[in-house]
2 protein chains.
Amino acid sequence: MQKQEHLTKNQQIVLDFIEKSSEPLKAYSILFSVKKQGIKAPLQVYRALDRLVEIGKIHKIESRNAFVACKNSNCQVSKATAFSICESCEDVTEVSNLKLSKYLSNFADKSGMKYNKYNLEFFGLCKKCKK
Amino acid sequence: MQKQEHLTKNQQIVLDFIEKSSEPLKAYSILFSVKKQGIKAPLQVYRALDRLVEIGKIHKIESRNAFVACKNSNCQVSKATAFSICESCEDVTEVSNLKLSKYLSNFADKSGMKYNKYNLEFFGLCKKCKK
DNA sequence: AATTATTTGTTATATTATAACATTATGTAA
DNA sequence: TTACATAATGTTATAATATAACAAATAATT
Ligand SMILES: [Zn+2]
Ligand SMILES: [Zn+2]
Ligand SMILES: [Zn+2]
Ligand SMILES: [Zn+2]
């Protein structure tokens, strides 16, 4: 039996909710919001989140313990992610920059370790908050 | 009254313990280990950790919720950090690469947002685990 | 239909982190 | 040096994030 390719009901519910949001969502706030759709327990949300991250439909913003939908169709399925985060309004945007992703994907330091994945988070003030 | 510059007792205890460790440490494992030195509560550890991160003596590995001592004397005080993480043995090393840090510190994408801080985590298999 | 792997539901619990408030220590300045 | 302000600490309780364990249901494979 192979892993399903389509999304299961719970995964779809969680994904729909995250995609509608303009900001990163926390697991328990998702849980609260999808209770009316039959999802009752944290694990149901976390399992859906895990899978959605795995297949690259969403990403986890590690410094915020929050999740955003992938806006980048070219995204290398959750293997190479970069975000810009405003430290004032907490606005998060996925950085989509070919040069950057090439640079990082090919990065190799003296350790000789070859990386197959990275996550980068930039912090600063967004245009609105800089004023 | 200005913030102290030297480390307080708790901060020193926590820093000493982290510096002695060869691997990233979690807050509660630090707490357990420094109890004999009079630190009794999570908050005492978290407050020390916060300050130590702020002044760049340690860094937080966001994807692991763990803390490592800064091994990089050139480190721009916790504003520009990069790590390589082995997904098998969980070994973590601070990446110290001038080209990389220059590239990222100067990075600007189309959003026009100017970043003053970043954190990058590379994942892969270390030499030992690749075998 | 029997087999197997996968997904789901459910309860309980582990882990990580902060709120709130009282107390003590330390620097500043009249 | 005494008042004042700010900073650091201690302590208890609680919030927020995440997983363990196991039984039940579902779906692909033989
Ligand atoms: Zn993406
Ligand atoms: Zn902003
Ligand atoms: Zn460092
Ligand atoms: Zn390894």
Side-chain angles (χ1 to χ4, degrees), chain A residues 1-18 21 23-55 57-68 78 87 90 92 119 121, chain B residues 1-18 21 23-55 57-68 85 87 90 92 119 121:
Chain A
M1 187 190 186
Q2 68 178 1
K3 273 190 183 175
Q4 101 240 327
E5 287 178 32
H6 68 282
L7 297 180
T8 66
K9 202 182 102 205
N10 287 355
Q11 289 159 15
Q12 193 64 59
I13 290 171
V14 170
L15 178 58
D16 286 347
F17 189 68
I18 295 176
S21 170
E23 55 186 9
L25 295 174
K26 305 256 195 172
Y28 275 74
S29 102
I30 295 169
L31 173 59
F32 179 82
S33 300
V34 297
K35 275 199 166 148
K36 55 195 87 161
Q37 287 164 86
I39 293 183
K40 289 172 191 161
L43 244 197
Q44 295 176 287
V45 171
Y46 279 105
R47 287 204 273 231
L49 290 172
D50 283 351
R51 170 55 66 84
L52 292 169
V53 166
E54 197 184 330
I55 63 180
K57 291 282 189 187
I58 65 172
H59 303 302
K60 181 172 188 181
I61 309 300
E62 292 287 357
S63 66
R64 300 297 187 261
N65 297 318
F67 300 85
V68 290
S78 80
E87 290 186 295
E90 291 294 319
V92 171
N119 179 55
E121 298 181 3
Chain B
M1 188 187 186
Q2 70 177 2
K3 273 188 183 175
Q4 101 237 329
E5 287 178 33
H6 68 282
L7 297 180
T8 66
K9 201 182 103 206
N10 288 354
Q11 288 158 16
Q12 193 63 58
I13 291 171
V14 170
L15 177 58
D16 285 347
F17 188 68
I18 295 176
S21 170
E23 55 187 9
L25 296 173
K26 305 256 194 171
Y28 275 74
S29 102
I30 295 168
L31 173 58
F32 179 82
S33 300
V34 297
K35 274 197 167 151
K36 57 195 89 165
Q37 286 164 85
I39 293 182
K40 289 173 189 160
L43 205 42
Q44 295 175 288
V45 172
Y46 279 105
R47 287 204 274 232
L49 290 172
D50 283 351
R51 169 56 64 88
L52 292 169
V53 166
E54 196 183 329
I55 63 179
K57 290 283 190 186
I58 66 172
H59 303 301
K60 182 173 187 180
I61 309 300
E62 293 287 357
S63 66
R64 300 297 186 263
N65 297 317
F67 300 85
V68 290
I85 302 172
E87 290 185 296
E90 292 294 320
V92 170
N119 179 55
E121 297 181 4

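Throughout, a chain's letter reflects where its sequence line sits, starting with A, and its residues are numbered from 1.
- Within the structure, a side-chain polar atom (N or O) of B:Lys26 is placed less than 4.0 Å from OP1 or OP2 of C:dT16.
- End-to-end axis angle of the helix from C:dA1-D:dT30 to C:dA30-D:dT1, using five pairs per end and rounding to 10°, comes to 30°.
- To the nearest 0.5 Å, atoms CD1 (A:Ile13) and NZ (A:Lys36) are separated by 12.0 Å.
- The distance between atom NE2 of B:His6 and atom C1' of D:dT9, rounded to the nearest whole Å, is 13 Å.
- The CG-C1' distance, from B:Asn65 to C:dA14, rounds to 13 Å in whole Å.
- Rounded to an integer number of Å, the gap from CG of B:Leu25 to C1' of C:dT16 is 15 Å.
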Stepwise, does the side-chain contact (heavy atoms from CB on, under 4.5 Å) test hold for A:Val34 with A:Asn10? CA-CA 9 Å; A:Val34 297; A:Asn10 287 355; over 6 Å; no
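- Distances were taken from every side-chain heavy atom of B:Arg47 (C-beta onward) to each of D:dG10, D:dA8, D:dT17; the shortest belongs to D:dG10.
- Atom CD1 in A:Ile13 sits roughly 14 Å away from atom C1' in C:dT7 (whole-Å rounding).
- Side-chain N/O atoms of B:Lys60 include one lying less than 4.0 angstrom from OP1 or OP2 on C:dA17.
- Every residue meeting the side chain to side chain contact (heavy atoms under 4.5 Å, CB included) condition with B:Glu23, not counting sequence neighbours, appears here in chain and number order: B:Ser21.
- Within the 3.5 Å criterion, the main-chain N or O of A:Arg51 finds no donor-acceptor partner in the side chain of A:Lys57.
- Annotation for B:Phe67 and B:Leu49: closest pair CE1-CD1, 3.6 Å, computed over non-hydrogen atoms.
- Taking atom CG on B:Asp50 and atom P on C:dT18, their separation rounds to 7 Å, with Å as the unit.
- Separation of atoms CD (B:Gln37) and CG (B:Asp16) is listed at 8.0 Å; rounding is to 0.5 Å.
- Contact detail for A:Glu62 and B:Ser63: the closest heavy-atom pair is OE1-CA, 3.6 Å.
- The base of C:dA14 lies outside donor-acceptor range of the side chain of B:Tyr28, with no N or O pair under 3.5 Å.
- Distance, B:Leu31 CG to D:dT11 P: 13 Å, rounded to whole Å.
- Atom CD of A:Gln12 is separated from atom C1' of C:dT7 by 16 Å (rounded to the nearest Å).
- At a non-hydrogen distance threshold of 4.0 Å, A:Lys40, A:Ala41, A:Leu43, A:Gln44 from residues 34-46 of chain A come into contact with DNA chain C.
- A straight line from CD of A:Glu62 to P of D:dA18 spans 9 Å, rounded to a whole angstrom.
- The only option from A:Val68, A:Val14, A:Leu52 that meets the side-chain contact (heavy atoms from CB on, under 4.5 Å) definition with A:Ile58 turns out to be A:Leu52.
- In this structure the side chain of B:Lys60 reaches within 4.5 angstrom of the side chain of B:Asn65, judged on heavy atoms.
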